[in-house]
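Here the structure is laid out as structure tokens; the discussion comes afterwards.
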Amino acid sequence: MKLTRTVKVGRITNLSDARYCSGMGVHMLGFNTIPDQPGYVSPETYQSIRGWFAGPSVVAEVYGLRDAETMHSILRDYLPDFVELSLSELPFIALPSLSLIVTASGIPVEKLIAELGRIQTQVAYVLADQNLPAESIAQIAVHYPVLLKLTGMVESNLLELPVHGFALEGTSEEKPGLKSYDDLAGVLEKLSED
């Protein structure tokens, strides 16, 4: 399946999701790398998953990051292609070579754009919520590629927004290899028909 827009699937916690998404042509897989956060994937678990998929870029989701030392450990243990975070984690990101995905949740668009101006060369994408007004998404898209975080199916009007791609989330599995991909498959099929 060839997806016509960039797709990131975050909160990957199991091999089944990683392999399914890789096989479906997803561009980026996100892993929660902060120990006290829900859906945390330890470096050991990540390494066991990483050996079984090829293709997608790896995103280290660092929501809740509290210090630069932890960030250095994450970079060493996960070797991410991108780091996903909110503005509150930015003070702990000291490496100008990192490619960032910054969430726009709960921040006035003008403030977000002003804050990101300091690190604009590092911002690969801005992650916007599906319920953000279309005008706000368009305003962000003038400055940065936007990934729209989907919470349900892809409505036709969402495909008309000036977004670079979409962000979805993985789900937990009942036991290894046992889970349904109906919702995720429906979204990916819709994005392949765009």
Nearest atoms (heavy-atom pairs only) where Gln122 meets Ile93: NE2-CG2, 4.5 Å

Check: Met24 and Val7 side chains under 4.5 Å, non-hydrogen atoms: no

Exercise: do Ser86 and Glu89 side chains pair donor with acceptor under 3.5 Å: yes

Closest contact, heavy atoms only, Asn32 versus Gly39: CB-O, 3.6 Å

Partners passing ring pair (Phe, Tyr, Trp, His ring centres under 6.0 Å) against His164 (at least two apart in sequence or in another chain): Tyr125

Listed partners of Glu44 passing side chain to side chain contact (heavy atoms under 4.5 Å, CB included), at least two apart: Ser42

Between CG on residue Leu98 and CG on residue Leu75, distance to nearest 0.5 Å: 5.5 Å

Test item: Leu184 and Cys21 side chains (from C-beta on) under 4.5 Å apart, heavy atoms: yes

Test: Arg50 cationic atom under 6.0 Å from Phe53 six-membered ring centre, within 45° of axis: yes

From Thr13 atom OG1 to Tyr40 atom OH, the distance as rounded to the nearest 0.5 Å: 13.5 Å

Min side-chain heavy-atom separation Ile12-Val41 under 4.5 Å: no

Heavy-atom check, side chain of Phe31 versus side chain of Ile49, under 4.5 Å: yes

All pairs passing side-chain hydrogen bond (donor to acceptor under 3.5 Å, both in side chains) where residues 19-28 contributes a residue, at least two apart: none

Distance (rounded to the nearest 0.5 Å) between Leu15 CG and Thr45 OG1: 11.0 Å

Rounded distance [0.5 Å steps], CG in Leu112 versus CG in Leu87: 6.0 Å

Distance-minimising heavy-atom pair for Ala124 and Phe82: CB-CE2, 3.7 Å

Any donor-acceptor pair under 3.5 Å from Asn14 side chain to Thr171 backbone: yes

Smallest separation among heavy atoms of Leu150 and Gln130, with atom names: CA-OE1, 3.3 Å

From Ile101 atom CD1 to Lys8 atom NZ, the distance as rounded to the nearest 0.5 Å: 6.0 Å

Salt bridge Glu84-Arg11, side-chain N to carboxylate O under 4.0 Å: no

Nearest atoms (heavy-atom pairs only) where Ser192 meets Lys2: CB-O, 3.6 Å

Least distance between heavy atoms, Ser136 atom then Leu132 atom: CB-CG, 3.8 Å

Ile119 side chain near Leu90 side chain, heavy-atom distance below 4.5 Å: yes

Phe166 side, atom CZ; Leu3 side, atom CG - distance, nearest 0.5 Å: 11.0 Å

Heavy-atom side-chain contact between Val58 and Leu79 under 4.5 Å: no

